[in-house]
Amino acid sequence: MAETTDIVIIGAGFSGLYAIHRLGREHDVICLEAGEGVGGTWYWNRYPGARVDIESVEYSYGFDEALQQEWTWPEFFSAQPDLERYANHVADRFDLRRRIRFSTTVTQMTFDASTDRWHVHTARGDHIVCRHVVAATGALSAPNTPPWPDRDKFRGEIYHTTEWPREGIDFTGKRVGQIGTGSTGIQAAPIIAAQAGHLTIFQRTPAFSMPSGNRPMEQEHERDWKANYADRRKQMLTMYGASLMTRPERSIHDCTPEERHETLEKAWNSKSAFKLMLAFNDIMIDRAANDLVAEFAREKIRSIVKDPQVAETLCPKTYPIGGKRLCIDNGYYDMYNRDNVTLVDVAAAPIVAFTENGLRTTDAEYPLDIIITATGFDAVTGALARIRIEGVDGIVMADKWADGPTTYLGVMTAGFPNLFMVHGPQTPAAQAQMITTGEWQVNYIANIIEGLERDGLTRIDTTPTAEQSWAAEVDAVSQYTVHRFADSWYNARNIEGKKGGFMIYVGGFPRFAELCEAAVEQDYAGFVRA
Ligand code: N01
């Protein structure tokens, strides 16, 4: 028998937790969570070295003053266990857990246009009828697993970094193979190398990475933030990435080579992730400016890695620095100076199959005991595409998005009324600090739902025309940044055959928020309410 509620929230990650709190004030809500615990990204990604690249004082909730005053972060850049602990604290402190069903994967959702209700089905057999669905399913939550045949034949163990076992993995004395050298792989590898008998890294595209600069939290820094939290949270929303990072006035072209080097050197040693990309005002928008910084970063790799051939294989040369998200690391390049680490270039000789004993590339077989796939995510659309979502007239979301997602403001997609997305396709997603912008988006959705109810209406949708205008905006701003020159999860080119176009809004969070607010203020322009 079906049960009823006002709102179903999918996902108990950071946005989902806040959605339970915010929407649960005045509505019956049920949150469905696939994992056994809260935290989303920070529940699943428990691989060694998992750590955020935004300062802890910023990468946290701002909705409750007492919470942000009382909580203390042990480090500048929080590690996964601390973020998971924080998510659990928030779930308990605000009594959210009673509204969450854990180990519950949503499999199907159907919109009944005659009653304006969603029917939500789960793998456990739940059937919930509700007025609205908020999909807080995460932009980076559906794992991308490598396509090679004979995975079942491999006699060792295989783990994806986003499905890491709670009890950890003992690498002692083992021959470990790691596929993938993105943000995740780069964090995990040095820790695995320190324990394993031998670590073979299979690299398809080298990444740019800079030292994370993590360190214990300084009390004065924390005190200063706590004294100014309310203002700083407001200020964050006015910044491009919803994070207080100062942007310089100066172009890289306006200084001498010596000045340039000095500035970049300072940025590299700044103990602040991303300071390198903000060392001058044109690194992210001008290819020539970017090339100078990319070469500076390549020189760093060459100066750390002792074997010149290995160093050259590690040097990215085919895309701009920052075009894919800049990685942060703790001894990644230095790790290649260890005797028990080998780099294999699988761009030159791709992996073709798993074997009983390990992995086979086009020119060799590599015997392994444990394979780690740090191969990233079917990002942005993957989590929703894996649920069968039927909107009006039986239209299925995965079919609608087969050639790439279309949305209005990243919050709705036409034909799927009363279904809202947090960090959906064509939002800033990881281009802006996700806890703060997630909170903002949940508030935006809550206001839309409350406005609908105030006006005695039961349905809100958007239109293909509104989607086209948003696609034009997303496309227009993407022409300004160097992201367009890199294949990445931003443009779906991280997975062979995936179509998507540019799926992230890179016009900056303030412009995104302004356009979202303007739509509501202009009598719900682009939305259709009934
Ligand atoms: O995933 P990725 P990720 N054969 O897609 C390789 C956030 N994050 O999990 O570059 C061989 O970046 C792939 O190679 P290529 C952050 O937003 C943040 O590392 O496609 N290799 C690449 O090397 C980040 O951007 C933090 O050629 C294959 C790797 O696997 C996002 O999550 C930490 C392959 C995947 O890299 C995703 O990062 C961690 C194949 N078939 C994550 N398929 C921090 O805040 C894939 N690869 C610090």
Side-chain angles (χ1 to χ4, degrees), residues 40-42 44-56 58-59 76-80 83 138-149 151 160-164 177-189 200-214 241 243 273-274 314 316 318-319 322-330 332 343-354 359-362 371-380 382 423 428-435 483 486-498 503-504:
T41 286
W42 301 106
W44 293 102
N45 290 276
R46 49 184 75 245
Y47 61 84
R51 181 181 297 288
V52 70
D53 55 6
I54 308 282
E55 273 199 39
S56 313
E58 294 193 346
Y59 193 77
F76 257 76
F77 299 102
S78 296
Q80 179 272 335
L83 285 157
L140 296 161
S141 52
N144 169 39
T145 42
W148 313 300
R151 186 184 168 107
H160 194 292
T161 43
T162 195
E163 293 169 336
W164 206 261
Q178 178 184 305
I179 306 152
T181 52
S183 300
T184 299
I186 278 182
Q187 286 186 322
T200 307
I201 303 270
F202 298 89
Q203 171 192 277
R204 186 166 68 180
T205 313
F208 287 103
S209 183
M210 69 175 279
S212 86
N214 184 44
S243 172
F274 303 125
L314 286 168
T318 55
Y319 63 92
K324 298 177 191 237
R325 192 174 176 93
L326 183 67
C327 303
I328 53 162
D329 71 273
N330 222 334
Y332 175 68
L343 179 65
V344 174
D345 180 0
V346 293
I351 300 170
V352 286
F354 294 94
L359 282 170
R360 187 178 318 118
T361 67
T362 50
I371 296 175
I372 302 300
T373 56
T375 41
F377 299 90
D378 179 359
V380 184
H423 295 311
Q431 277 294 101
Q433 200 260 91
M434 291 185 90
I435 298 185
H483 294 106
D487 293 350
S488 73
W489 63 265
Y490 289 6
N491 51 25
R493 293 207 291 258
N494 63 325
I495 297 180
E496 215 178 310
K498 182 171 174 179
M503 300 192 294
I504 301 295

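As the structure lists them, so they are numbered: ligands from 1, and atoms in each ligand from 1.
A side-chain donor-acceptor contact under 3.5 Å links Y47 and Q187.
Applying the 4.0 Å criterion to heavy atoms of R51 picks out, from ligand 1, the atoms 44 (C), 45 (O), 48 (C). The distance from ligand 1 to the heavy atoms of F377 drops below 4.0 Å at these ligand atoms: 9 (O). Using a 4.0 Å cut-off to heavy atoms of T181, the atoms of ligand 1 that qualify are 22 (C), 23 (O), 29 (C). Listed by atom number, the atoms of ligand 1 under 4.0 Å from T184 heavy atoms are 3 (P), 9 (O), 19 (O), 38 (O), 39 (C), 42 (C). The distance from ligand 1 to the heavy atoms of Y47 drops below 4.0 Å at these ligand atoms: 33 (C), 39 (C). Within ligand 1, counting atoms from 1 as listed, the ones closer than 4.0 Å to a heavy atom of L140 are 7 (C), 17 (O), 31 (C), 32 (O). Within ligand 1, the atoms closer than 4.0 Å to a non-hydrogen atom of W148 are 4 (N), 40 (C), 41 (N), numbered from 1 in the order shown.
With a heavy-atom cut-off of 4.0 Å, F77 does not touch ligand 1 at all. Residue K324 touches ligand 1 through its side chain alone, judged by heavy-atom distances below 4.0 Å. At a 4.0 Å heavy-atom cut-off, ligand 1 does not touch P146 at all. Contacts of F202 with ligand 1, taken as heavy-atom pairs under 4.0 Å, are absent altogether. When heavy-atom distances to ligand 1 are checked against a 4.0 Å cut-off, A374 comes that close only through its backbone atoms N, CA, C and O.
For ligand 1, the polar-atom distance check finds no N/O of N494 at less than 3.5 Å from any of the ligand's N/O atoms. At least one N or O atom of T205 sits closer than 3.5 Å to an N or O atom of ligand 1.
For F208 and Y319, the ring centers sit closer than 6.0 Å to each other.
The heavy atom nearest to atom 45 (O) of ligand 1, out of those in T41, D53, I495, is found in D53. Considering only non-hydrogen atoms, atom 31 (C) of ligand 1 lies nearest to W489 out of Y490, W489, Y319.
Judged by the shortest distance from any of its heavy atoms, E496 lies outside the 4.0 Å radius around the atoms of ligand 1. In this structure, I351 falls outside the shell of residues with a heavy atom less than 4.0 angstrom from ligand 1.
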